[in-house]
K.L.:
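Structure provided below as structure tokens; questions to follow.
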2 protein chains.
Amino acid sequence: MPVTLQDVADRLSVSIATVSRALADVPGVAPATRLRVLAAAEEMGYHPNVMAQRLQKRRTDTLGFIIPTFGPRFSDPYFSELLAGIGNEAAEHEYDLLVSTRAPGTEELALYERVVKERRVDGLLVVRTRRQDARIAYLIEQQFPFVAFGRSDLEGDFPYLDVDGQAGLEELMAYLVAQGHRRIAYVSAPLNLMFANYRLAGYREALSRAGLPYDESLVVTGGLTDMDGYEAGREFLQRANPPTAIIAGNDLMALGVMSAAQELGLRVGRDVSIAGFDDISLAELAHPSLTTLRQPIYQIGQRICDMLLCLLNGTAPEVSQVLLKPELIVRQSTGRVG
Amino acid sequence: MPVTLQDVADRLSVSIATVSRALADVPGVAPATRLRVLAAAEEMGYHPNVMAQRLQKRRTDTLGFIIPTFGPRFSDPYFSELLAGIGNEAAEHEYDLLVSTRAPGTEELALYERVVKERRVDGLLVVRTRRQDARIAYLIEQQFPFVAFGRSDLEGDFPYLDVDGQAGLEELMAYLVAQGHRRIAYVSAPLNLMFANYRLAGYREALSRAGLPYDESLVVTGGLTDMDGYEAGREFLQRANPPTAIIAGNDLMALGVMSAAQELGLRVGRDVSIAGFDDISLAELAHPSLTTLRQPIYQIGQRICDMLLCLLNGTAPEVSQVLLKPELIVRQSTGRVG
DNA sequence: ATTATACTCGTAAACGTTTACGTTGTCAAG
DNA sequence: CTTGACAACGTAAACGTTTACGAGTATAAT
């Protein structure tokens with residue numbers, strides 16, 4: 001039903017090869033013929049069959065992005081923005097984006113294997129790296145092109161982009177200490193996630209630099225959601241000797257901590273200081289607005305997508321391991337210890 | 001490099017057709033041979049080349065989902081959840097999901113045309129329907145399979161699933177009126193979006209049922225983001241005679257309105273009542289928690305995906321136009337007029 | 001005039017599948 | 001022993017491209 005190269009060729013009484021060449025704008029076709037072909041193709045409504053092209057070219061012109069999710073809901077605003085960045089950048093370069101969501105685990109790995117083995121995509125984007133990340137280990141072993149958002153503790157080199165969570169937390173802590181805080185609690189993301197380790201390390205490093213002791217009881221490792229932050233915050237703030245400041249491993253949890261504080265009648269920013277990490281759009285709009293470490297997530301999406309495209313096109317090796325510094329954004333949710 | 005049917009066939013000294021048949025589990029191959037083939041394929045690490053399959057079968061086994069976004073950021077938690085629902089359901093049925101993001105406009109339509117013409121996907125999911133929706137008009141004209149989330153004001157029938165925003169708003173308004181509210185403001189989403197019209201219609205219908213006048217000055221049509229809600233809320237609440245309740249067209253805007261109210265020193269739920277629409281996960285966690293109309297977004301994603309799959313497989317025509325009722329969730333952000 | 005060079009184009013072989021059709025062989029019924 | 005049916009398998013043609021190679025023609029150089 002759809003019009004093919006053959007149809008156009010027949011109409012013009014030329015060979016299918018000529019039509020192909022004319023359309024692909026490769027040399028070897030007389031300018032006059034090229035114009036005739038272009039006109040005919042346009043008029044007949046010719047559109048290439050991409051599957052045929054892909055089979056022949058042995059590339060899919062498609063990037064893969066498998067979003068790790070816990071439970072059915074993944075409202076994490078973080079991913080939507082990352083997706084937008086990746087998607088728009090991919091589109092810019094005429095690449096399709098294949099998206100799947102899967103909870104971490106064996107099914108997830110099986111999906112990676114299928115995608116790789118069946119050559120559904122040319123390259124993959126791996127996000128939220130984990131300790132001994134099986135996905136990365138697999139991709140390295142298969143020598144499959146990919147770029148990760150986040151570093152890893154595995155042997156072997158691979159291209160990644162990461163935000164320096166350790167440096168970020170050190171800066172945030174220094175700021176809080178300068179505000180007079182001495183009992184600073186930390187709500188960590190699950191420690192099997194690489195970023196959680198770096199941020200925790202930054203927290204500890206800052207403590208020792210400030211000459212403060214590391215108090216286990218001030219660190220709790222929760223999940224990733226607002227609900228987790230809420231529960232941790234509630235627990236911290238109901239203690240006999242509560243912390244004067246609480247840092248959460250991400251903004252969503254920080255917002256949860258804020259909820260808990262407010263529910264207990266505390267004035268956030270005065271009675272207790274609260275800070276997060278990410279700077280999702282709600283951080284600015286929360287009441288009070290949230291002090292946080294900004295990661296330019298949209299741009300990160302663009303960037304890792306770009307890195308992957310370079311890798312695929314063999315252009316400019318460039319720097320393949322990038323470390324960005326998050327930006328401390330001080331807002332109303334933190335203040336001098338009162 | 002990768003193993004093909006030919007390789008397996010050679011190894012067993014059978015024809016490539018036999019291998020294909022054995023693997024596809026179609027009749028016409030001796031049980032013994034089938035086992036030999038299966039074993040060899042497994043051992044050799046054979047994986048079908050999906051592009052070849054797709055070319056030959058003339059289907060892509062891929063669904064398309066083009067996310068409409070405004071500006072670079074689309075933090076709308078709404079879409080991430082919808083995406084998860086769609087993605088998981090598609091995966092369940094062995095379908096790939098092709099995702100793009102594009103701002104509404106001519107480029108967006110061009111993308112639809114390309115996707116359709118080049119047969120990149122078997123079917124499309126259209127969300128956030130608009131007045132005189134050009135996407136839908138095009139797909140109907142091309143007779144391309146699709147399912148919409150949201151109705152339309154176009155001629156012609158098409159499969160859709162929608163949440164009854166009008167009924168929802170009527171219920172919410174009835175509740176607020178019962179709480180003694182008489183001056184109820186409404187922050188609408190852009191009126192070129194179908195859902196915004198239905199919700200506004202519900203608002204007006206409820207007013208007239210309650211014998212209340214429709215006061216233009218109490219309705220403002222903003223955007224979709226928390227920022228838009230913030231600005232609208234600020235404007236309403238700084239008036240000489242402010243409304244006692246404000247309804248926003250979605251939760252994100254409602255949270256913005258709440259911020260504005262709190263910034264002005266108002267106690268939300270007592271001095272002013274605020275309600276939204278969607279029930280995103282932050283609604284429950286906001287402080288105070290947000291009264292809203294719940295749409296089961298994840299399930300909606302699954303459902304429209306399912307409807308599309310049925311359509312593609314020609315199975316069970318079923319009911320192809322579904323209207324769900326949103327559920328009113330009363331929380332702390334609304335209360336008796338004080 | 002001859003040869004070389006460049007350009008234009010067609011032929012045909014790939015890419016890796018699926019599947020209609022034909023061939024061969026086996027076995028039971030006549 | 002012949003015939004027919006049926007099962008198991010192979011051959012080959014598709015699906016719609018891209019591209020190496022070669023053939024043919026025109027132009028320039030000798």
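Below, chains carry the letters A, B, ... as their sequence lines are ordered, and counting in each starts from 1.
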K.L.:
Measure the distance from CG on A/Leu55 to P on D/dA14 and round it to the nearest whole Å.
P.N.:
17 Å

K.L.:
By the 4.0 Å heavy-atom rule, please label A/Pro27 as base, sugar-phosphate, or nothing.
P.N.:
nothing

K.L.:
Looking at the side chain of B/Gln56, which of C/dG16, C/dT8, D/dT17 is the nearest nucleotide?
P.N.:
C/dG16

K.L.:
Tell me: CD of A/Gln53 to C1' of C/dG16, nearest whole Å?
P.N.:
17 Å

K.L.:
Between A/Tyr95 and A/Asp122, is there a side-chain heavy-atom distance shorter than 4.5 Å?
P.N.:
yes

K.L.:
Run through A/Arg120, A/Arg59, A/Arg54 and flag the one making a salt bridge (charged side-chain N to carboxylate O under 4.0 Å, His left out) with A/Asp96.
P.N.:
A/Arg54

K.L.:
Rounded to whole angstrom units, what separation is found between the CZ atom of A/Arg59 and the C1' atom of C/dG16?
P.N.:
18 Å

K.L.:
Any chance CD of B/Glu141 has more than 12 other-residue heavy atoms, nucleotides or ligands included, within less than 6.0 Å?
P.N.:
yes

K.L.:
Measure CZ/B/Arg54 against P/D/dA14 and give the value in whole Å, please.
P.N.:
24 Å

K.L.:
To the nearest angstrom, how far is B/Met44 atom CE from C/dG16 atom P?
P.N.:
14 Å

K.L.:
Is there side-chain contact between B/Val116 and B/Tyr138, with at least one heavy-atom pair below 4.5 Å?
P.N.:
yes

K.L.:
Return the set of residues passing side-chain contact (heavy atoms from CB on, under 4.5 Å) with A/Asp10 (not counting sequence neighbours), or none when no residue passes.
P.N.:
A/Gln6

K.L.:
Counting side-chain heavy atoms from CB outward, which of D/dT17, C/dC15, C/dT18 is closest to A/Tyr46?
P.N.:
D/dT17

K.L.:
What's the CZ-C1' distance between B/Arg58 and D/dT17, to the nearest Å?
P.N.:
14 Å

K.L.:
Checking salt bridge (charged side-chain N to carboxylate O under 4.0 Å, His left out) against B/Glu108, which of B/Arg128, B/Arg114, B/Arg130 comes through?
P.N.:
B/Arg130

K.L.:
By a strict heavy-atom criterion of less than 4.0 Å, which residues belonging to residues 3-22 of chain B are in contact with DNA chain D?
P.N.:
B/Ser13, B/Val14, B/Ser15, B/Ala17, B/Thr18, B/Arg21

K.L.:
Scan A/Pro31 against the nucleic acid and name what it touches under 4.0 Å (heavy atoms): base, sugar-phosphate only, or nothing.
P.N.:
sugar-phosphate

K.L.:
Side chain of A/Asn49 only, please: which of C/dT17, D/dG16, C/dT18 is the nearest?
P.N.:
D/dG16

K.L.:
B/Ala52 has a side chain; which of C/dT17, C/dC15, C/dT8 sits nearest to it?
P.N.:
C/dT17

K.L.:
Distance check needed: C/dG16 C1' versus B/Lys57 NZ, whole Å only.
P.N.:
13 Å

K.L.:
Nearest heavy-atom pair of A/Arg135 and A/Pro68: which atoms, and what distance?
P.N.:
NH1-CG, 4.4 Å

K.L.:
Tell me: CD of B/Glu118 to P of D/dG16, nearest whole Å?
P.N.:
15 Å

K.L.:
Counting side-chain heavy atoms from CB outward, which of D/dC9, C/dT8, D/dT18 is closest to B/Val29?
P.N.:
D/dC9

